[in-house]
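Computation of the quantities below employed the complete heavy-atom set of this structure, encompassing side-chain atoms and omitting hydrogens, waters and symmetry-equivalent molecules. We name chains A, B, ... by the order of the sequence lines, and we start the count at 1 in each one. Remember, predicted model here, so these are calculated numbers, not experimental data.
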Amino acid sequence: MNYQNRSFERLTDVSEILDRLNDRQREAVVAEPGPLLVTAGAGSGKTSVLVRRIAWLIKAFGVSKHQIMAVTFTNKAAREMKSRVEDLLGMNEAPYRIGTFHGLSNSFLRIYHEAAGLESDFTILDSGDQKSLISRLNRDLRISVGEFKPQQFQNFINRSKSNELRATALSPRNYREQIFVRVYEAYENYCEANSLVDFEELLLRTVELLKRNQLVREELQDRYQHVLVDEFQDTNSMQLEWLKLFCGKRNQITAVGDEDQSIYGWRGALAENMIQFEAIFPGTRIVRLEQNYRSTQTILNAANAVIQHNDQRYSKELWTERKKGASVKLFNAYDSGQEAKFVAEVILSGVSRSIPYSNFAVLYRTNAQSREFEEVFGYQQIPFRIYGGLRFYQRKEIKDILAYLRLLVEPNNNEAFSRVVNFPRRGIGSVAQERIAQYASSRNLSYWQASSEIVKDYSVQVHFRAALTNFLELINRIREEGEHESFGDVIASTISISGVKQFYKSRKLESDITRIENLDELENAAVNFIRRSNCKDSIESIRPFLDTVALDSDDKHDENTLNAVQVMTLHLAKGLEFPVVFLVGVDENLLPHVLSLKSDQNGRRGADKDSLAEERRLFYVGMTRAEQQLFLTRSGIRMVRGRMSVFRPSRFLKEIPRQFLDTVPFNQKIDSDFTKKINPDDLLGSTIDHRVFGRGCVTGLRHEGKFPVLTIDFDEHGTKQVLWEMNNFKVRR
DNA sequence: ACCTGAAATATTTTT
DNA sequence: TATTTCAGGT
């Protein structure tokens, strides 16, 4: 147990882990194993700390990489953490168990499926699947859509599950609750019978497994002696339970989070978990990271002032060694069109000074606000990329192909069967499908098995039999051909043989062109999957592929290389940073949003004060995304649901002290510091950070035609000639 | 099976 | 205003 000595022995090897860390960060990285809470303000290098702590545990404390589990919320964060640990320690030295709550739960449930009461090949339902399943069950239960919407049931079920409540544990007190519990029960039974597991279920099953099965619990607690969590403020009660169960009595947990960036309270996240951490894990050491490496002091001052209006937080104040910077700018537009035009103008004026489009971000509260910006940017030919909206793997055409794939390996999967049996149309309509279902349930067969029998039954209509035979043969044919094909080709032939591609080609709609592109993209994704994973390049990889796809809806990866203005909601912006940020729609009733100002009708959460505080945090998150310049814009008039409405300035604006905020006069072109071009000629002799090669010193400069070329001595990559690409450089103090 | 028009609905969404 | 969903007619 004497870690100190071991660390001393190895210290020389490992000192680079602590390179370029400030005192607080270092304190967190080297803290003795035990409960550690790092309250990490925006831009304070929390990921660095987490990554280096993992490295430190391994190198200094001699912990095996197999004994470490690191948990994140997004696959993106998990991937980043993994690759950064690998950068630090070398390929294959990173812990294997770095993943999301859901991804890790899934892995454990596959391993311990029997103890968890699951089939080994259970299918993961995404939220879309879940919703359509509930709708279907409601139809069977004769629940009228007028009275209750599927969405309500979905919320109810997920909320119950995340409170660790099964349907049997609920006792309805009135008619309304009776209906809800009945649907929940039916849903659970159906999932159980068909080996379906939704997102919440992944976590709940894991929690139940660890609670009930001592053997498994001890085995896992023994294996993962060190647990690390990112974005701890976003954990809900079940996720906390999950963590506690893995930690066991050892309590060697490192949690990193920022209660000021808790913006998912409406989904059950409990920022209180941060506050209660000490009480839950006795002997907690708390380290506060307050030095910010992202924004100017002015932006931080403004943001600090705003967030100070919230209580229930560890008081912390971000500071930076960076320069003061330009004041925060406020633009009061007459209407939302003008608001968008202002943003476009500022961007264009920046671009004319060779600032790349990708340095700008437009952040808003609601997706509906994107429209104006799309229009103006389109008109002004400003390249932009909107994040959010329907995810790649949620699109109909993609889900259809995935269902075909599933049917290839699991013919008895009724979900997949129903989805594709009549798409594209093959004359097996609702009547025919009803008949299959009847036949199946009366004989306790799957739809596939039922169909195989119906086909041989000569008392059944010829048309029906022929259509069904065709379908069965189609699936068999894809499977047979797939036996000798590469995985990519399996996907390709599924797309073509199924007739899905032909279907979209035959129609001449605008949207069908994108659909076909998406299908092609799916082929690429399949090829990439084989390259990135260590799965076989054959039809056998369908299962792991479907699993990955269900849990990792990540869109195309290296979009950030694209030179376009980044447009997204405040929620999606968390964790990102941009040189110039436009936080738009800073109006009362929009930010804070109306619906957060009064308690909502479902009785979900009535605490106005809590939700107002969350809106404020949202505003704070937006502000702290900005590195150099922050613009706040608002508009007196905007269209809401087809009606013109008048808007007053957001109350949050008053919370920004005057000296940090300047109002941009109407119709006056802004001309501020941020648009100053970083001139390559001024860089000679200075230290820079390169996006790819890291730190280096500029030792030479020459011009090749239009392009400046810098000679740079990199710390880790030797001397290189590098083309001046503004995007790739940051100047160090 | 497919089309059509009325009706309902519109905050945020890591998995 | 824009989009989706559903009932009802053909």
Engineer: Report the residues that fulfil side chain to side chain contact (heavy atoms under 4.5 Å, CB included) with A:Arg205, sequence neighbours left out, ordered by chain and then residue number.
Structural biologist: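 Scan of A:Arg205 (side chain to side chain contact (heavy atoms under 4.5 Å, CB included), adjacent residues dropped) gives A:Leu109, A:Leu118, A:Arg166, A:Glu192, A:Glu201.
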
Engineer: Just need the stems in DNA chain B: three or more back-to-back Watson-Crick or G-U pairs, each with both distances under 3.5 angstrom, sorted by first number.
Structural biologist: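 As far as DNA chain B goes, consecutive pairing (with distances under 3.5 Å) yields the stems B:1-10 with C:1-10.
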
Engineer: Can you tell me the distance, in whole Å, between the CZ atom of A:Arg426 and the C1' atom of B:dA1?
Structural biologist: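 Rounded to the whole Å, the gap is 16 Å.
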
Engineer: Quick one, which residues of residues 641-652 of chain A touch DNA chain C with a heavy atom under 4.0 Å?
Structural biologist: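 Close to the strand are A:Arg641, A:Gly642.
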
Engineer: In whole Å, I'd like the distance from the NZ atom of A:Lys76 to the C1' atom of B:dT13.
Structural biologist: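 Nearest whole value for this atom pair: 15 Å.
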
Engineer: By nearest atom, which of the nucleotides B:dT9, B:dT13, B:dT15 is closest to the A:Thr569 side chain?
Structural biologist: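 Looking only at heavy atoms from C-beta outward on A:Thr569, the closest nucleotide is B:dT13.
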
Engineer: When the distance from CD1 of A:Ile386 to P of B:dT12 is rounded to whole Å, what number comes out?
Structural biologist: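 Interatomic distance, CD1 of A:Ile386 to P of B:dT12: 13 Å.
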
Engineer: Give the nucleotide from the list B:dT11, B:dT15, B:dT12 with an atom nearest to the side chain of A:Leu595.
Structural biologist: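 Closest nucleotide to the A:Leu595 side chain: B:dT11.
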
Engineer: Among B:dT9, B:dT15, B:dT12, which nucleotide has an atom closest to any side-chain atom of A:Lys149?
Structural biologist: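 Nearest listed nucleotide: B:dT9.
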
Engineer: Of all the choices, B:dT11, C:dA2, B:dT15, which nucleotide is nearest to the side chain of A:Arg371 once you look at every atom?
Structural biologist: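 The answer is C:dA2, which lies nearest to the side chain.
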
Engineer: Expressed as a whole number of angstroms, how long is the span from A:Gln130:CD to B:dT13:P?
Structural biologist: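 In whole Å, B:dT13 P lies 18 Å from A:Gln130 CD.
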
Engineer: Quickly work out the A:Arg79 CZ to B:dT15 C1' distance and round it to whole Å.
Structural biologist: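 Answer to the nearest Å: 13 Å.
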
Engineer: Should the pair A:Lys396-A:Asp400 be classified as a salt bridge under the 4.0 Å nitrogen-to-oxygen rule?
Structural biologist: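 Salt bridge between A:Lys396 and A:Asp400, a charged N being under 4.0 Å from a carboxylate O: yes.
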
Engineer: Using a heavy-atom cut-off of 4.0 Å across all strands, would you classify A:Tyr264 as base, sugar-phosphate, or nothing?
Structural biologist: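 Base contact - A:Tyr264 has a heavy atom under 4.0 Å of at least one base atom.
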
Engineer: Using side chain to side chain contact (heavy atoms under 4.5 Å, CB included) as the criterion, list what pairs up with A:Ala340, not counting sequence neighbours.
Structural biologist: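 Listed in chain order: A:Glu372, A:Phe373, A:Val376.
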
Engineer: Measure from CG on A:Leu572 to P on B:dT13 and round the result to the nearest Å.
Structural biologist: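 Interatomic distance, CG of A:Leu572 to P of B:dT13: 5 Å.
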
Engineer: B:dA1 P sits how many Å from A:Phe503 CZ, rounded?
Structural biologist: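 After rounding, the reported distance stands at 14 Å.
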
Engineer: For A:His309, enumerate each residue passing the side chain to side chain contact (heavy atoms under 4.5 Å, CB included) test, keeping only those at least two apart in sequence or located in another chain.
Structural biologist: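 Side chain to side chain contact (heavy atoms under 4.5 Å, CB included) list for A:His309, sorted by chain: A:Arg616, A:Glu655.
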
Engineer: So that I can tick it off, tell me whether A:Glu415 and A:Arg136 are bridged by a salt bridge, with the cut-off set at under 4.0 angstrom between side-chain N and carboxylate O.
Structural biologist: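 Looking at A:Arg136 and A:Glu415, the cut-off is met.
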
Engineer: Would one find a side-chain N or O of A:Asn367 under 4.0 angstrom from OP1 or OP2 of B:dT11?
Structural biologist: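 Indeed not, no polar side-chain atom of A:Asn367 lies that close.
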
Engineer: May I have the distance from A:Tyr364 (atom OH) to B:dT13 (atom C1'), rounded to whole angstrom?
Structural biologist: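 Answer to the nearest Å: 14 Å.
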
Engineer: Looking only at side-chain atoms of A:His102, point me to the closest of B:dT11, B:dT13, B:dT15.
Structural biologist: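 Comparing B:dT11, B:dT13, B:dT15 against the side chain of A:His102, the answer is B:dT15.
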
Engineer: Quick check on DNA chain B: between A:Ala550 and A:Ile263, whose nearest nucleotide comes earlier from the 5' end?
Structural biologist: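 By nearest-heavy-atom nucleotide position, the 5'-most residue is A:Ile263.
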
Engineer: Could I get the full list of side-chain hydrogen bond (donor to acceptor under 3.5 Å, both in side chains) partners for A:Gln394, not counting sequence neighbours?
Structural biologist: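 For A:Gln394, no residue satisfies side-chain hydrogen bond (donor to acceptor under 3.5 Å, both in side chains) once neighbours in sequence are set aside.
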
Engineer: Mind checking the C1' distance from C:dC6 to B:dT11? Whole angstroms is fine.
Structural biologist: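 The answer is 25 Å between these two C1' atoms.
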
Engineer: Can a salt bridge be assigned to the pair A:Glu374 and A:Arg371 using a cut-off of 4.0 Å between side-chain N and carboxylate O?
Structural biologist: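 Salt bridge absent between A:Glu374 and A:Arg371.
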
Engineer: Could you tell me which residues satisfy side-chain hydrogen bond (donor to acceptor under 3.5 Å, both in side chains) with A:Asn273, sequence neighbours excluded, listed by chain and number?
Structural biologist: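 Expected list: A:Thr235.
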
Engineer: Just checking A:Leu591: base, sugar-phosphate only, or nothing, at a heavy-atom cut-off of under 4.0 Å?
Structural biologist: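 Counting heavy atoms under 4.0 Å across all strands, no contact is made by A:Leu591.
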
Engineer: Could you work out, with side-chain hydrogen bond (donor to acceptor under 3.5 Å, both in side chains) as the rule, every residue matching A:Tyr224, not counting sequence neighbours?
Structural biologist: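 Once residues adjacent in sequence are excluded, the partners of A:Tyr224 under the side-chain hydrogen bond (donor to acceptor under 3.5 Å, both in side chains) criterion are A:Arg97.
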
Engineer: Go through the structure and list residues passing side-chain hydrogen bond (donor to acceptor under 3.5 Å, both in side chains) with A:Glu397, not counting sequence neighbours.
Structural biologist: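 side-chain hydrogen bond (donor to acceptor under 3.5 Å, both in side chains) check on A:Glu397 returns A:Arg515, A:Asn518.
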
